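Heads up: the structure comes next, in structure tokens.
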Amino acid sequence: MKKITILLATMHLLGHASFAQTASNEVVRFDEFRYAKKREIINIPKVNGLTVLKCDFHMHTVFTDGHVWPNVRVQEAWKEGLDAFSFTEHVEYTPHSEDVKPGNLRPHELAKNLAAENNLILIKGTEITRNTPPGHFNALFIQDDKNLVVDRSSELDESAIQAAVDQNAFIFWNHPGWKATQIEGSYEWIPFVEKMYAEKKLHGIEVVNGFGFHKKALDWALDRNLTIIGNTDIHNLIAHEYDIEREGIHRTMTLVMAKDRTAASIREALEKGNTVAWSSKYLFGKEEHVRSLFNACVSLSKTYHEKTDAKGNSTNYYELSNNSDLYFELELKSGKGTKKITLHPQSSQILTAPTNQKSLSYEVVSTFIRSDKHLAVEFAL
């Protein structure tokens, strides 16, 4: 028994010695705990022959009031399936200036190579940050930041916009309602904006900013034929604000229907207003664009089954399919058939209707073609 005890003790010591030797001479890696390095692909079919590009035209870094380095934004954009994005740093507001040398286009310069390596389109931009009212405006496709107006005095508001106009920028009004409950009269179609619009210096409106749907902004854009935009206006990590690990969750973005995947085509599409804002499960846009997007994604099969009950009533069965990563929620408005249908990404549902039913009309309640109106669709049976 004593010999066995000594043998076990010796083996125990040798085991510890072996582990100690391994631990001291090698690095033991636990890579199974890392995030998988993969890019999420957002599948949306072509719309009338146009490629649907996923874009975020409003985000910040440490060069103004954001909390991350520019390259982090590139990594996020790649992982989350974006095609294009822009750093839109504040011209007039640089709270980190004692720690980071200010420069509106410095983030672009630091990130452009990594963006190119990751096949991402990085568009030069800036945020013209005036007092509210008139508010904030993003200028895309600027060339440089040398003549941008830093002074925030109200008498220089028009000069600040003109500095971007002089660079042939695409300008849109940011989050019009962001101070609606704090500054009376700020969430209105104010004279300053009307003047910009009349002089063709305003080209779009940010209808969705982060998690906020600015309802009046959608109607203003529709009534004045301005381009509809949706962005994150992200300052923190995307993963800190959006629960992107949960299935179906994505950042707010603008879906741009463009000729091809280039900056020039994005500019052309923005000028034509070929956009739909996408936030959470909702789509916001001009009726023609939302309808075209819906028609490209959703299809109804022919009757695949017919059933007759004991009373002689006959019912036809159809399959309604969604071949995209978008989400559609439908409610029956006219005809007899399935009352509510939820089409999750890349999925199908069964639709039933009486055999003699010729068509069914639905309202797609996950879409907004005005602040109080959803897209209406009809299926011929």
Side-chain angles (χ1 to χ4, degrees), residues 38-54 80-81 213 230 243-250 253 255-257 274-370 372-381:
K38 64 175 182 177
R39 174 170 165 81
E40 297 295 329
I41 303 299
I42 301 173
N43 289 300
I44 302 174
K46 285 191 173 185
V47 175
N48 298 326
L50 299 173
T51 300
V52 180
L53 303 179
K54 285 70 70 176
E80 295 160 36
F213 169 29
D243 188 7
I244 57 175
E245 296 304 313
R246 190 148 51 100
E247 186 176 354
I249 304 299
H250 60 89
M253 65 184 77
L255 302 179
V256 178
M257 290 164 277
N274 288 350
T275 64
V276 172
W278 184 30
S279 183
S280 182
K281 61 184 182 181
Y282 301 103
L283 296 167
F284 312 80
K286 297 173 183 176
E287 181 175 357
E288 60 184 291
H289 299 318
V290 176
R291 185 176 302 281
S292 294
L293 188 59
F294 179 86
N295 289 340
C297 299
V298 178
S299 60
L300 183 68
S301 74
K302 295 180 180 180
T303 304
Y304 67 84
H305 179 65
E306 183 178 344
K307 183 175 74 174
T308 303
D309 64 17
K311 295 181 179 180
N313 298 315
S314 186
T315 300
N316 282 352
Y317 285 68
Y318 308 84
E319 187 173 42
L320 192 64
S321 300
N322 174 16
N323 69 333
S324 76
D325 284 333
L326 302 176
Y327 171 100
F328 299 102
E329 204 170 302
L330 296 82
E331 293 183 0
L332 185 65
K333 289 301 170 185
S334 66
K336 294 181 179 180
T338 304
K339 295 189 183 306
K340 291 187 177 183
I341 301 173
T342 298
L343 285 174
H344 295 280
Q346 303 291 344
S347 70
S348 66
Q349 294 286 357
I350 295 170
L351 183 154
T352 62
T355 299
N356 59 358
Q357 188 77 46
K358 300 299 181 184
S359 66
L360 292 174
S361 295
Y362 285 87
E363 198 171 52
V364 188
V365 297
S366 57
T367 67
F368 287 88
I369 57 173
R370 285 198 77 84
D372 59 353
K373 187 178 180 181
H374 306 299
L375 180 69
V377 296
E378 183 172 308
F379 297 111
L381 303 178

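The shown structure was predicted, so the numbers you read here are calculated from the model rather than taken from an experiment. One is the number of the first residue; the rest follow in order along the sequence.
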Return the [atom1] to [atom2] distance between [X] and [Y], rounded to the nearest 0.5 Å.
| X | Y | atom1 | atom2 | answer |
| --- | --- | --- | --- | --- |
| Leu320 | Thr338 | CG | OG1 | 9.0 Å |
| Glu378 | Leu300 | CD | CG | 12.0 Å |
| Thr367 | Phe294 | OG1 | CZ | 8.5 Å |
| Lys46 | Met257 | NZ | CE | 14.0 Å |
| Leu330 | Thr342 | CG | OG1 | 8.0 Å |
| Lys54 | His250 | NZ | NE2 | 12.0 Å |

Criterion side chain to side chain contact (heavy atoms under 4.5 Å, CB included) against Leu255, the qualifying member of Thr275, Leu283, Leu53
Leu283
Please check if the number of heavy atoms outside Tyr282 that lie under 6.0 Å from its OH is greater than 12.
no
Between [X] and [Y], what is the shortest heavy-atom contact and its length?
| X | Y | value |
| --- | --- | --- |
| Leu326 | Cys297 | CD1-SG, 4.0 Å |
| Ser314 | Thr355 | OG-OG1, 2.6 Å |
| Ile41 | Asp325 | O-OD2, 3.2 Å |
| Tyr327 | Ser366 | O-OG, 3.5 Å |
| Lys336 | Ala353 | O-CB, 3.6 Å |
| Tyr362 | Lys339 | CE2-O, 4.0 Å |

Is a side-chain donor or acceptor of [X] paired with a backbone partner of [Y] at a separation under 3.5 angstrom?
| X | Y | answer |
| --- | --- | --- |
| Thr303 | Asn316 | no |
| Asn322 | His344 | yes |
| Arg291 | Lys286 | no |
| Ser292 | Glu288 | yes |

Between Phe213 and Phe368, how do the two ring planes meet: parallel, tilted or perpendicular, split at 30° and 60°?
tilted
Could you pull out all residues at least two apart from His289 that satisfy ring-ring contact (aromatic ring centres under 6.0 Å, His included)?
none
In this structure, which one of Glu306, Lys307, His305 forms a side-chain hydrogen bond (donor to acceptor under 3.5 Å, both in side chains) with Tyr317?
Lys307
